[in-house]
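Chain identifiers are assigned alphabetically (A, B, ...) following the order of the sequence lines, protein sequences preceding nucleic acid strands; residue numbering begins at 1 within each chain.
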Amino acid sequence: MNPVQLLPVAVLLPLGLAALLLAIAHWLPPRLADGASVLASLGLVALCGWLAVQALHGPVVHWFGGWTPRVSGRPDVVLGIGFSADPMSAVVAAFCALLFALSFIFAWGYFDKIHAHFHVLMLLFMAAMIGFCLTRDLFNLFVWFELMSISAFALTAYPLGRSSLEGALNFTVTNALASFLMLAGVGLLYARTGTLDFLTMAKVIARIAPDPVITGGFVLVATALLTKAAIVPFHMWLADAHAVAPTPVSVIFSGIMVGLGLFGVLKLTAQVFAADAQVLAMVHGGLFALGIATALTGGLMAWAQRHLKRLLAFSTISHLGVMLTAVAAVSATGATGLLLYLIGHGLVKGALFMIAGILLARRNSVDELALHGQGRTLWPVGVVMAVAGLLLGGLPAGSMYAASDLIHESAHSVALMFVLIFAASLTGAAVLRAACRIFIGCSGAPGVEVTAPTERGREQADRPLWLMLLPCVLMIAIAVLPVDAVAPFMGRAAALLLQPDGNAATAIASDHVTLGSFFALALTLALLAASLMRERPTRRFARRVGRVERLPFDALQFLHSGLVTDYVAWMAIGVALLAAFLG
Amino acid sequence: MSWLVGALLELTALAGSLVVLSRDPRRQVYALCANGLVLALLFFALQAPDVALSEITIGTVVTPLLFFVALAAAAMNKARR
Amino acid sequence: MNTTARIVLLVIALVVLAPAAGMLILAMPAFGHPLSQYGDVVNALAPRLRNISNMVAAVNFDIRGIDTLGEECMLLAAVTGTVMLLRGHRGEDMSERAGRVPGRKQPSRSDATVLLCRFIATVLFLFGIYMVLHGTVTPGGGFQGGVIVASSFVLLYLGESYRAWRRIVLGPALAALEGTGALAYVLAAALPLLGGYAALQNVLPLGTWKDLFSGGLMVAVNYAVGCAVIGSFGVLLLEFMEETRAPENDPVPDEEDE
Amino acid sequence: MSILAWCVAAWLFGIGVYGIVTSRHYVHLIGCLAVCQSATYVLLLGIGFRWHAGPPIFYDHPPGTPAVDPVVQALVLTDIVVSAAMTALLLAIALQVHKRRGTLDPQHLRPFRQEK
């Protein structure tokens, strides 16, 4: 079997299956779409994983239509579009497919009503993600980015409830604007470099940088990717969209879609703009600052939520901030950290959204205050949720922990490292708080979260519990596995993304669990204890303290107004910020 | 030729501004129609007949039609309420 | 935030961005003097290598064919999403009567209108098909022609009764056409792989220059796109028109609130 | 003249964003989005344009005559068709929102509300 010949199959298989399902949708027996989708995504996991291993000795490159760079007869002109699988890209693609497989299993029998439309959209969504990982052509990257967006818009609105429609509108308007910016950015880069191929463009940029058009193009493309990755101040759509999408879709959104935005930023910076000092300076400084701000904002907002899916959405924002600091380093260490964090966080967050889905199906709500103690009979779910919360909060095990070690290494100072740990602890503690309230019935007077927005919801309930719990347990199990076995491969893969012909590899030392590695976990548990032992303020002084404590949260809630017009104004400010970072 | 391209570019800017500034959605649809037509002319002038054809079918026929249908459906909803 | 606050934000952004944008605009290659050689190489090579006269079609369907497959799938996704949204609560059933907005006049159709609509619809339909067929030779192609064919269906609605339109234009058939077109494109990409070629490799005979069937695989891909676009836009217009049907026992859920 | 096209593109995008931010009707907002999108088309086609060159279709004139860049045209062409479908998607969502809320004012639509 020739890896070069099999590379395009990774995209053509899901696209073809989607088209086939659509063509015969009207006559399709139920369940067939479910089965075919699960099988296809499992096949893609195997294919992309295999490609990752094959690519260790050099990227696997496929030129569509046989238009190799040689056809043009000129050095800087590449006519065709190439797919290039380096190990890291292929691993990310395989992870996408894995999440889809698990999510299809979770959704088994969920979507009977409308002919296979859900499966068509999900398969297109998956193909877009895999294409996004594997392409080496800038406009082709835009195409997959846009396909990803469009299928995501439609999937968000799927439940047709009031909130999901309005969330989908916010999501669509902001992300459509982002994709226009990306198209403009691609245009600028094409105008200046005359090519769309990553490596050729990198060569031209090395020759002419620094150049205002190149930098402008990067800013526009990065804005689009950061919008998808929900980085402050482009992040506001995420909490609306992720909280209202059907659960199997939220799993994909939070698990990998947003992370792909960051992966895109890293890949472009490393492979295209590596020789542009101006761009690199902006990434090191500006994006790092945005990452810190995002981590903190997301953490605080997650802490102040009571609607579990909204809480998880803000926690995703926070962890994206942490990942962005790894991207900003543009180093092999940072890239390894990003890869491991992406996988670890994706698994944990996917499992948590599935738990929220189980609660929606069984208890018709995900409001931690309304569900007080109602989860006692669902205790296995509670156990999984507790482990997931601990992992978010820094339990020293599994890939997320190994990754945060690497990410903290590339933080600029101890203080900033502490901010990152604090933000992650806030999200972990918020999840644990919800778990304690729902599944044990622990109380503690509610704090800032009591005024947070919320609503009731419901999802199809006639699915067996084990079927919904199985993928969650699987994901958590993979997330807590020690990374020693795959660590050398991951380190090498990350190094190859930055230097395709290099020999370097990041060493991951995960065996030294010292007292210091429990710091994050201790902080998480302290926050949890503080929130569960809180008492209703009776004395005047306590009430005044409470009011002061609320202030920053109220300000943040006010800014996250839910109005798309506000979001667009903030996006304009964000682009201005990026421009200001350039000086 | 160059004056034609310049004039059409300015007309495009004007037509786009009109779309934004016509706040009444029904009137905006006509502005959108005009915008599509101007864009198509500009694309012809920029030597892009393929793009102009697709802009003319989409921009002046399909999109305005969708807008009109959407507005009519919304009006019918309102009447039903 | 209110509108004033948002405009203040916009102004701040503008103040920061204006100098940056100015610098960028001044550094752009001058209008009408492109730096890129990509297009020139395509213009020089494609007629020779592929016997094709429409370079845009060459780029769309051959050189950057996988892009177009992606765009095609975007169309699929957007249309599937729209159908799902509109049908969601309305269900699959179809209505026989058109609805109307109260208070708006509805002039009855004169014979001349009906005749004119029938005539124009036929001409438009044929023109669209012509455009699809000649996509690789002259301006036009699957995308533009497909949209024209689909919009000729709407004239049926205008000229005939709502019932006739419903009877002639069949939703499931159009959806099948849409899916089949996309599937054909994917197969055009995948089948060369079996023969050991690259995906989308132009393995068919290329024909002669300026001929209707010039361009090899491009012809097939162009037709596939045409089918898919006719199907997509047909379904789209159908479902939108259905929104204006007469309300019978409309099950719109007034949700929990208000 | 040499920068007019870029200025027009920037203006269209800017005024589109202004329209979105101040919009009071969702259908109007979707129209403004279309204006933003047309900015990208003007930019892209402007990039490929060349003075004194013909269209990249060698039917009436033989290959070798100067022609504008077909690549950007191909990029824009498909995007226009997709944009119509995307507009349809947006309008469909807006219609469903209108059925449930009875309003299309973006400044009154927010996904979650405070529980009182």
Side-chain angles (χ1 to χ4, degrees), chain A residues 5 8-9 12 15-16 18-20 22-26 62-67 72 74 76-77 79-81 114 117 120-121 124 127 131 139-140 143-144 146-147 150-151 153-154 157-158 160-162 190-192 194-195 211-213 216 561 565-566 569-570 572-573 575-576 579-580 582, chain C residues 1 6 9-10 12-13 16-17 20 23-24 26-29 34-38 41-42 45 62-67 69-71 73-74 76-78 80-85 87-89 172 175-176 178-180 182-183 185-187 189-190 193 196-202 255-257:
Chain A
Q5 289 296 101
V9 176
L12 294 180
L15 289 184
L20 182 69
L22 190 63
I24 58 171
H26 201 70
H62 183 98
W63 292 96
F64 282 92
W67 292 93
S72 74
R74 303 213 199 157
D76 282 348
V77 179
L79 292 180
I81 294 173
I114 306 176
H117 283 169
V120 171
L121 287 170
L124 291 176
F139 186 79
N140 198 234
V143 168
W144 300 124
E146 178 95 345
L147 178 57
I150 291 184
S151 27
F153 301 155
Y158 190 93
L160 291 173
R162 200 181 55 80
Y190 175 72
R192 196 71 192 82
T195 179
D211 180 285
V213 180
S561 58
T565 44
D566 289 1
W570 285 115
I573 291 287
V575 180
L582 290 166
Chain C
M1 286 198 295
R6 281 193 290 271
L9 283 185
L10 270 196
I12 296 174
V16 179
L17 283 176
M23 255 169 66
L24 200 161
L26 289 178
M28 280 290 282
L35 297 177
S36 161
Q37 299 182 343
Y38 193 160
V41 174
V42 171
L45 285 182
D62 192 336
I63 300 176
R64 301 184 64 84
I66 190 73
D67 269 354
L69 179 58
E71 303 258 2
C73 291
M74 274 182 225
L76 231 64
T80 310
T82 310
V83 171
M84 199 179 76
L85 275 167
R87 269 198 207 149
H89 284 296
E178 178 189 14
T180 316
L183 189 62
Y185 201 148
V186 175
L187 287 180
L193 283 173
Y197 298 99
L200 265 177
Q201 180 125 28
N202 206 329
E255 272 188 21
E256 66 277 359
D257 46 345

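- With a threshold of 4.5 angstrom between heavy atoms, Y185(C) does not approach chain A through any atom at all.
- No side-chain heavy atom of Q37(C) sits less than 4.5 Å from a side-chain heavy atom of D76(A).
- Counting all heavy atoms, side chain and backbone alike, R6(C) lies closest to D566(A) at NH1-OD1, 2.5 Å.
- Distance alone, capped at 3.5 Å, places no donor-acceptor pair between the H117(A) side chain and the V83(C) backbone.
- Contact of L121(A) with chain C is made through the side chain alone, with heavy-atom distances under 4.5 Å.
- Partners of W63(A) by side-chain hydrogen bond (donor to acceptor under 3.5 Å, both in side chains), not counting sequence neighbours: none found.
- Here the straight-line distance linking atom CD of Q201(C) with atom CZ of F64(A) works out to 12.0 Å at 0.5 Å rounding.
- Across all their heavy atoms, A579(A) and L17(C) have their closest contact at CB-CD2, 3.8 Å.
- Inter-residue side-chain proximity for L147(A) and E71(C) is flagged as unmet; no heavy-atom pair is nearer than 4.5 Å.
- For L12(A), the parts lying under 4.5 angstrom from a heavy atom of chain C are both the backbone and the side chain.
- Ranked by heavy-atom pairs under 4.5 Å with chain C, the first of V9(A), V575(A), L79(A) is L79(A).
- One finds the CG atom of L183(C) at 10.5 Å from the CG atom of L15(A) (value rounded to the nearest 0.5 Å).
- In this structure, CH2 in W67(A) is found 8.5 Å from CG in N202(C), a value given to the nearest 0.5 Å.
- Chain A forms the most heavy-atom pairs under 4.5 Å with one residue out of L24(C), D62(C), L187(C), I66(C), and that residue is I66(C).
- Remark: F153(A) pairs with F171(A) by the ring pair (Phe, Tyr, Trp, His ring centres under 6.0 Å) rule, at least two apart or across chains.
- Residues L193(C) and Q5(A) approach most closely at O-NE2, 3.2 Å, considering heavy atoms.
- For the set D67(C), V16(C), L69(C), T180(C), the count of heavy-atom pairs under 4.5 angstrom toward chain A peaks at D67(C).
- For the residue pair T195(A) and Y38(C), no side-chain donor N or O sits within less than 3.5 Å of a side-chain acceptor on the partner.
- By number of non-hydrogen pairs under 4.5 angstrom with chain C, the leading residue of A19(A), G65(A), A154(A) is G65(A).
- With a 4.5 angstrom heavy-atom cutoff, P34(C) does not touch chain A via any of its atoms.
- Residue M74(C) holds its CE atom at 10.5 Å from CG of L124(A), rounded to the nearest 0.5 Å.
- Interface check for chain C: of the options I81(A), V213(A), V77(A), the most heavy-atom pairs under 4.5 Å are formed by I81(A).
- Shortest non-hydrogen contact noted between A27(C) and P212(A) is CB-CG, 3.7 Å.
- Nearest approach of G194(A) to S36(C), heavy atoms of both residues: CA-CB, 3.6 Å.
- Here the closest heavy-atom approach between residue S72(A) and residue L45(C) is recorded as CA-CD1, 4.0 Å.
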